[in-house]
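What you see is a predicted model, and the numbers here were worked out from it, not measured in a lab.
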Amino acid sequence: MYEIIIPNHIEKKLERYGNIKERFYKKVNLFKQNPSHPSLRFKIYEGVPNTFEISVNISFRVLLKKIGERRFEIVDIGYHDILDKYGKK
C-alpha cells in the first residue's frame, strides 16, 4: 500500500472545489491501493524532479512529490491549468 500525505493547505484549497472533493478522495484512496489503475492516468510530471500527476477527472489534476519508496505528498491540486504554474504547457 502507498501513503499519500495531504498537507493542511491542500485540504483548505480543496474546500473551494466542493463538487470535486468526494471524487478527489476516491482517487487518492485508489492510488493508495493501485497507482497504476488506468483511471488515474498516473505519470511523471516532466521537468520537475520526483513529481507526478494523477487525474481526478478529465480536467482536474493532483500533483504529487515522491518523498519515499512508497510515500507521496500532494504538492498542488486544481484544474488542468495548474500544470502551467509549474512550467508544463
Side-chain angles (χ1 to χ4, degrees):
M1 183 177 253
Y2 288 80
E3 179 185 0
I4 293 186
I5 297 166
I6 306 173
N8 288 338
H9 73 278
I10 296 295
E11 293 277 2
K12 288 178 184 176
K13 189 173 183 180
L14 189 58
E15 292 300 320
R16 290 187 253 159
Y17 303 108
N19 58 333
I20 298 287
K21 193 173 181 178
E22 184 178 333
R23 183 168 222 159
F24 167 84
Y25 284 111
K26 189 175 186 179
K27 295 292 182 153
V28 165
N29 288 328
L30 180 58
F31 181 89
K32 289 177 182 180
Q33 298 295 318
N34 180 10
S36 61
H37 191 280
S39 72
L40 295 171
R41 295 186 289 280
F42 177 61
K43 61 184 175 182
I44 295 172
Y45 183 77
E46 296 175 20
V48 183
N50 296 317
T51 304
F52 301 83
E53 66 177 280
I54 60 173
S55 298
V56 173
N57 63 26
I58 193 86
S59 59
F60 199 86
R61 300 290 183 267
V62 176
L63 291 181
L64 306 158
K65 183 90 167 176
K66 188 172 185 176
I67 58 172
E69 183 63 33
R70 297 173 76 86
R71 292 184 73 201
F72 291 83
E73 181 174 1
I74 295 177
V75 176
D76 206 351
I77 60 171
Y79 290 98
H80 201 270
D81 61 352
I82 67 161
L83 302 178
D84 295 341
K85 184 165 99 174
Y86 295 89
K88 187 173 182 181
K89 304 267 182 203

Q | Residues in side-chain hydrogen bond (donor to acceptor under 3.5 Å, both in side chains) contact with Lys26, at least two apart in sequence or another chain | A | none

Q) In Å and rounded to the nearest 0.5 Å, what is the OG to CD1 distance from Ser59 to Ile20? A) 6.5 Å

Q. Distance from Leu63 atom CG to Ile77 atom CD1, nearest 0.5 Å?
A. 10.0 Å

Q: Would you please indicate yes or no on a ring centroid separation below 6.0 angstrom for Tyr79 and Tyr17?
A: yes

Q. What pairs with Ile67 under side-chain contact (heavy atoms from CB on, under 4.5 Å), at least two apart in sequence or on another chain?
A. Ile5, Lys65, Arg71, Glu73

**Q.** side-chain hydrogen bond (donor to acceptor under 3.5 Å, both in side chains) partners of Glu11, counting only residues at least two apart
**A.** Tyr25

Q: Could you walk me through whether Tyr2 and Val28 pass the side-chain contact (heavy atoms from CB on, under 4.5 Å) test, one step at a time?
A: CA-CA 10 Å; Tyr2 288 80; Val28 165; over 6 Å; no

**Q.** Smallest separation among heavy atoms of Leu64 and Ile54, with atom names
**A.** CD1-CG2, 4.1 Å

Q.
If hydrophobic residues (ILVMFWY) are linked whenever their side-chain heavy atoms come closer than 4.5 Å, directly or via other members, who joins Met1 in its cluster?
A. none

Q: May I ask you to test the Leu30-Ser39 pair for a side-chain heavy-atom distance under 4.5 Å?
A: yes

Q: Report the residues that fulfil side-chain hydrogen bond (donor to acceptor under 3.5 Å, both in side chains) with Glu22, sequence neighbours left out, ordered by chain and then residue number.
A: none

Q. Is a side-chain N or O of Thr51 found less than 3.5 angstrom from the main chain of Pro49, in a donor-acceptor match?
A. yes

**Q.** Arg70: side-chain hydrogen bond (donor to acceptor under 3.5 Å, both in side chains) partners, not counting sequence neighbours
**A.** none

Q. Just how far is it from atom CZ of Arg41 to atom CD1 of Ile58, taken to the nearest 0.5 Å?
A. 5.5 Å

Q: Please list, chain by chain and in numerical order, all residues satisfying side-chain contact (heavy atoms from CB on, under 4.5 Å) with Lys66, sequence neighbours excluded.
A: Asn50, Phe52, Phe72

**Q.** side-chain contact (heavy atoms from CB on, under 4.5 Å) between Val48 and Tyr45, worked out
**A.** CA-CA 6 Å; Val48 183; Tyr45 183 77; 3.4 Å; yes

Q: Output yes when Lys13 and Asp76 qualify as a salt bridge under the 4.0 Å nitrogen-oxygen rule, no when they do not.
A: yes

Q: Could you list the residues that satisfy side-chain contact (heavy atoms from CB on, under 4.5 Å) with Arg23, not counting sequence neighbours?
A: Lys27, Val56, Asn57

Q | Residues forming a salt bridge (Lys or Arg N to Asp or Glu O under 4.0 Å) with Glu69, sequence neighbours excluded | A | none

Q) Nearest heavy-atom pair of Phe42 and Pro35: which atoms, and what distance? A) CB-O, 3.3 Å

Q. Considering residues at least two apart in sequence or located in another chain, which fulfil the side-chain contact (heavy atoms from CB on, under 4.5 Å) criterion with Asn29?
A. Lys32

